[in-house]
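Convention: sequence-line order gives letters A, B, ...; per-chain numbering from 1.
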Amino acid sequence: MPKEVDPKFLKPYNPQAVEGAIYKKWEDSGYFNPDNLPKQDGEPFTIIMPPPNANGSLHAGHALFVTLQDIMVRFARMRGKRALWLPGADHAGFETQVVYEKQLEKEGRSRFQMEPEALYKEIMDFTLSNKSFMEGQLRQLGASTDWSREVFTLDPRVISTVYDTFKQLHKDDLLYRGARIVNWCPKHQTSLSNLETERINRKDSLYYFKYGPFTISTARPETKFGDKYVVMHPDDARYAQYQDGQQLELEWINGPITATVIKDEAIDPAFGTGVMTITPWHDPIDFEIAQRHKLPFEQVIDWRGKLLPIAGEFAGMSIKDARPKIVEKLQAKGLVEKTEEYEHEVPVCYKCEREIEPQIKEQWFVKMEPLAKRAIEAVKSGEVKVLTESHEKVLLHWLENIQDWNISRQIVWGIPIPAWFRKDTEGNVLEIYIGDEGPSSAKATEGTWAKDIDTFDTWFSSGQWPFATLGYPDGKDFKNFYPTTVMETGADILFFWVARMLMLGLYRTGEVPFKYVYLHGLVRDAKGKKMSKSKGNVISPLDVSNEYGTDALRMGLIVGNTPGTDLNLDPQKIGAYKKFANKLWNITRFVLSQERTGAIKPELKDEFDAMAKDITKDIEEYRIYMAAEKLYHYVWDRFAAQIIEESKGKPEYGESLYYILENSLRLLHPFMPFITEEIWSSISKDKDLLMVAKWPVA
RNA sequence: GCGCGAUUAGCUCAGUUGGUAGAGCACCCCGUUUACACCGGGAUGGUCGCAGGUUCGAGUCCUGCAUCGCGCACCA
């Protein structure tokens with residue numbers, strides 16, 4: 001004689017009807033904040049959320065990290081730890097500015113026609129409205145984050161931490177301001193770090209020009225106007241007759257010039273003719289050669305990519321227009337020997353794919369080697385463990401070959417660099433001042449003070465995120481929750497972010513910022529293609545959540561997703577987990593129709609406990625994908641398909657069924673928090689929320 | 001140039017410290033026996049890229065090769 005069950009179980013599970021209310025219950029309970037947890041003596045467990053860029057909607061990658069981190073945090077919370085998941089939002093400097101500039105472009109406006117203050121305010125409004133939108137989306141995905149501790153990357157206390165780090169680097173002589181070759185994007189009008197450039201393979205013409213007695217080869221005729229130095233390898237026998245410093249008169253693009261021979265080992269005798277002329281202002285190799293030989297630097301191309309007056313009749317032309325005309329002129333003068341097609345790699349801006357124009361610019365650089373050294377030690381000693389091993393190798397390789405870091409950006413949307421320069425009337429810098437407020441005017445005995453108008457590379461500030469968010473150095477949270485437990489983020493920002501956090505965290509606090517690094521891969525579409533707006537194959541996690549339920553989305557993102565490898569998000573797979581949610585719903589319906597008779601069968605309990613122990617170990621060792629799959633199979637293939645079938649018509653199974661259901665819900669909760677909490681409220685009305693229920697394995 | 005991976009069922013991928021291969025989807029057959037048709041039962045399907053080696057035993061460790069992919073880097 002079956003018992004009456006709650007009528008809600010007589011219909012299929014409807015995620016949309018319950019998820020919102022459940023999230024509200026969690027949030028109202030206060031348990032997202034570790035200070036409110038029933039058990040206050042547990043050890044701390046901390047994850048700092050990688051702050052999503054507040055410049056659009058959450059994408060599938062966000063849904064993946066939310067799911068992974070939420071599983072880790074809910075698991076820790078149920079095991080009695082003081083679990084803190086600290087949420088954030090990123091102003092995302094250059095990224096957001098690019099997004100906003102596209103919007104301006106659509107409106108027929110341009111940032112270059114705007115006052116910086118007005119532009120800053122507009123982007124701030126844009127960012128803040130996206131931020132609150134995004135917070136709602138994080139809730140929809142079930143993120144059990146402590147909203148009372150949320151931090152925005154432009155919060156005053158973050159900026160103050162960033163300024164302290166800048167000052168400290170200056171004090172420790174790890175910071176320099178130098179005129180170096182930078183990666184200049186002519187579209188975005190800013191310099192970029194090496195990481196912010198990409199290389200594309202391209203076929204171009206390689207021109208061979210007669211340069212006095214030599215033949216030089218170049219792919220960039222438009223830079224050659226100021227070339228007065230001709231360089232060859234000192235051991236190249238073909239040119240042994242020429243001496244370093246020897247001067248030659250020769251005919252060049254715009255008339256006769258005096259050229260000087262330079263011998264330098266940077267030249268590869270096997271490339272082209274083994275001779276080249278140099279353009280120190282627009283080429284990194286040439287820059288170094290010029291530095292070694294103390295040669296002058298002259299700008300040929302302006303910041304917009306147009307030729308300067310040194311180009312004579314070509315002045316004011318764009319590179320694209322000028323190049324063929326210059327070749328034509330040289331041809332007419334009989335100075336073109338031949339032209340070859342060749343393939344080479346060209347650096348481009350990672351945002352607009354416009355060709356990078358190397359330029360010399362005064363920027364702030366951080367000396368990275370000493371910082372990298374400590375990070376390498378931390379990785380090698382195991383103070384910080386990187387999943388997977390291959391990512392650890394990649395990280396070490398990068399750290400071991402680190403280059404100095406340009407942290408200046410010529411954009412308004414960012415944290416201003418707290419530096420002032422005292423300049424004479426020529427514009428030469430007489431003195432540099434670094435501080436929160438400007439230098440007192442009384443100090444300017446000569447020249448005038450001008451503020452650095454640049455902002456920091458976003459990664460310079462976000463590289464300090466773990467300790468900045470926790471209130472270093474005196475904050476209570478810093479003392480309680482630092483070093484954090486896990487940094488879970490995308491493998492694609494291993495260098496941009498993880499490496500910088502590691503280095504800056506060690507530098508400022510003397511401790512690693514996190515003990516584990518868990519890296520996830522890219523979320524691709526069902527066919528393994530990278531999602532992009534232009535391809536139109538973007539899957540919105542919020543849409544998927546609405547259609548299949550958040551729990552199904554979460555399972556689909558987790559099962560079979562090993563750390564560091566890309567995941568194909570197939571709606572069919574999500575559908576399979578929607579069915580699983582319904583299965584669980586119907587299991588409950590059946591169990592609730594049974595009386596709690598008989599004693600728990602030892603063999604069933606032992607079997608369940610062994611499974612529970614096994615998946616606990618999996619989660620502890622970050623095999624989350626495997627824990628999820630094992631649970632799925634236990635619940636469906638063992639519990640539903642076998643145990644329940646055997647139990648039919650046998651009242652002595654009653655208590656066993658309740659035992660297995662109740663404890664399965666505990667195990668499933670981190671993965672499928674909504675449906676498990678909903679069922680929990682029906683089977684144990686007098687107890688606290690499932691999110692703080694005790695994990696079945698100690 | 002330097003470095004890191006991948007190659008397992010038709011497709012997409014798991015396979016934890018070496019113990020005679022698994023999932024989802026697809027496909028085929030049967031079934032509406034009261035938890036569930038968002039279901040149940042069953043079937044087909046793999047010489048685990050190739051060649052060697054270590055081992056009682058290798059998808060799993062080692063070496064070489066092939067193919068594909070990724071990252072970093074100043075070749076005019």
Write down the distance between [atom1] ([X]) and [atom2] ([N]), rounded to a whole number of angstrom.
{"X": "A/Glu345", "N": "B/C74", "atom1": "CD", "atom2": "C1'", "result": "12 Å"}
{"X": "A/His344", "N": "B/G1", "atom1": "NE2", "atom2": "C1'", "result": "17 Å"}
{"X": "A/Tyr577", "N": "B/C13", "atom1": "OH", "atom2": "P", "result": "15 Å"}
{"X": "A/Ile285", "N": "B/A73", "atom1": "CD1", "atom2": "P", "result": "14 Å"}
{"X": "A/Leu522", "N": "B/C13", "atom1": "CG", "atom2": "P", "result": "13 Å"}
{"X": "A/Asp286", "N": "B/C75", "atom1": "CG", "atom2": "P", "result": "12 Å"}

Between [X] and [N], is there a contact of a side-chain N or O with OP1 or OP2 at under 4.0 Å?
{"X": "A/Arg589", "N": "B/C36", "value": "yes"}
{"X": "A/Lys648", "N": "B/A35", "value": "yes"}
{"X": "A/Trp636", "N": "B/A35", "value": "no"}
{"X": "A/Arg199", "N": "B/C75", "value": "yes"}
{"X": "A/Ser593", "N": "B/A35", "value": "no"}

Contact pattern, 5' to 3', of nucleotides 2-12 of chain B - B, S or - by protein heavy atom under 4.0 Å = BSSS------S

message = I'd like to know if A/Lys351 pairs up with A/Glu95 as an ion pair, taking the criterion as any Lys NZ or Arg NE/NH1/NH2 lying under 4.0 Å from an Asp or Glu carboxylate oxygen.
response =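 The answer is yes: the pair qualifies as a salt bridge.
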
request  = Using a strict cut-off of less than 4.0 Å between a Lys/Arg side-chain nitrogen and an Asp/Glu carboxylate oxygen, indicate whether A/Arg220 and A/Glu222 qualify as a salt bridge.
outcome  =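 Looking at A/Arg220 and A/Glu222, the cut-off is met.
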
message = Can you confirm whether or not the ring centre of A/Phe608 sits under 6.0 Å from the ring centre of A/Phe639?
response =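 Between A/Phe608 and A/Phe639, the centre distance exceeds or equals 6.0 Å.
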
request  = State yes or no: are the ring centers of A/Tyr242 and A/Phe214 separated by less than 6.0 Å?
outcome  =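 Centroid separation for A/Tyr242 and A/Phe214: below 6.0 Å.
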
Any idea which of [options] is nearest the [X] side chain?
{"X": "A/Ser217", "options": "B/A76, B/G41, B/U16", "answer": "B/A76"}
{"X": "A/Ile587", "options": "B/G24, B/U16, B/A35", "answer": "B/A35"}
{"X": "A/Arg623", "options": "B/A76, B/C36, B/U16", "answer": "B/U16"}
{"X": "A/Glu288", "options": "B/A26, B/C74, B/C36", "answer": "B/C74"}

key: Secondary-structure stems for RNA chain B, with pairs counted as Watson-Crick or G-U when both distances are under 3.5 Å and runs at least 3 long   =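 B:1-7 with B:66-72, B:10-13 with B:22-25, B:28-31 with B:39-42, B:49-53 with B:61-65 - these are the stems of 3 or more pairs that involve RNA chain B.
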
Counting any heavy atom closer than 4.0 Å, what does [X] reach on the DNA or RNA strands: base, sugar-phosphate only, or nothing?
{"X": "A/Gly272", "answer": "nothing"}
{"X": "A/Phe495", "answer": "sugar-phosphate"}
{"X": "A/Ile267", "answer": "base"}
{"X": "A/Thr277", "answer": "nothing"}
{"X": "A/Tyr625", "answer": "sugar-phosphate"}
{"X": "A/Thr565", "answer": "sugar-phosphate"}
{"X": "A/Phe209", "answer": "nothing"}

With a 3.5 Å cut-off and heavy atoms only, can you find an N or O donor on one side and an acceptor on the other between the side chain of [X] and the base of [N]?
{"X": "A/Lys583", "N": "B/C36", "value": "yes"}
{"X": "A/Gln403", "N": "B/A73", "value": "no"}
{"X": "A/Gln594", "N": "B/A35", "value": "no"}

In whole Å, what separates the [atom1] atom of [N] from that of [M]?
{"N": "B/A9", "M": "B/G52", "atom1": "C1'", "answer": "27 Å"}
{"N": "B/G24", "M": "B/G40", "atom1": "P", "answer": "11 Å"}
{"N": "B/G5", "M": "B/G41", "atom1": "P", "answer": "42 Å"}

request  = Starting from the 5' end of RNA chain B, give me the residue, A/Arg524 or A/Phe590, whose nearest nucleotide shows up first.
outcome  =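 It is A/Phe590 whose nearest nucleotide is closer to the 5' end.
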
task = Kindly indicate, with the supporting measurements, whether the criterion salt bridge (charged side-chain N to carboxylate O under 4.0 Å, His left out) is fulfilled by A/Lys601 and A/Glu646.
result = CA-CA 13 Å; A/Lys601 292 182 174 294; A/Glu646 277 168 31; over 6 Å; no

